[in-house]
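Comments concern the structure below.
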Amino acid sequence: MKRIKQACLLQTIHFQVRDAALSNDPAGDVRTELENYKAQLKRSGTQYRIVSEEVQPDQSIIIRIRKQYNSYDTGNYLDE
């Protein structure tokens, strides 16, 4: 029988700028969406660490994030 002892995800997430016609501040909307994502992770109790956050020329944002998978122990994955 096998059991998962520790688990962690490494994700690359692209927060893209929406159509400029739909917003007065597309770059601000992207930043707000990212902040809402971080707040949702905190509310749910998910452990995470943002490895990198890069603003692109079009004002979209790409983050690389290590985050807890389900409720498994993350061990030292978030320390690296």
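Along the sequence shown, residues carry numbers from 1. Hydrogens, waters and symmetry mates are skipped; everything else that's a heavy atom, side chains included, is used.
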Pairs meeting criterion salt bridge (Lys or Arg N to Asp or Glu O under 4.0 Å) with involvement of residues 33-47, two or more places apart: R31-E35, E35-K38, K38-E53
Single-linkage hydrophobic cluster, 4.5 Å side-chain cutoff, I62 and V17 together: no
Residues that S44 engages under side chain to side chain donor-acceptor pair (under 3.5 Å), provided they are two or more places apart: T46
Shortest non-hydrogen contact from I13 toward Y37: CD1-OH, 3.4 Å
Test ring pair (Phe, Tyr, Trp, His ring centres under 6.0 Å) applied to Y77 - qualifying residues, sequence neighbours left out: none
Pairwise distance CG(L41) to CD1(I50) - rounded to 0.5 angstrom: 8.0 Å
Non-neighbouring partners of Q47 that pass side chain to side chain donor-acceptor pair (under 3.5 Å), sequence neighbours left out: T74
Worked check of side-chain contact (heavy atoms from CB on, under 4.5 Å) between I4 and N70: CA-CA 11 Å; I4 296 173; N70 290 340; over 6 Å; no
I61 side, atom CD1; H14 side, atom NE2 - distance, nearest 0.5 Å: 9.0 Å
Qualifying residues under side chain to side chain donor-acceptor pair (under 3.5 Å), relative to D58, sequence neighbours excluded: S60
Qualifying residues under side chain to side chain donor-acceptor pair (under 3.5 Å), relative to T32, sequence neighbours excluded: none
Heavy atoms from other residues, nucleotides or ligands near OH of Y48 exceed 12 (cutoff 6.0 Å): yes
Residue pairs involving residues 61-79 (criterion salt bridge (Lys or Arg N to Asp or Glu O under 4.0 Å); sequence neighbours excluded): R66-E80
Path from I65 to V55 over hydrophobic side-chain contacts below 4.5 Å: yes
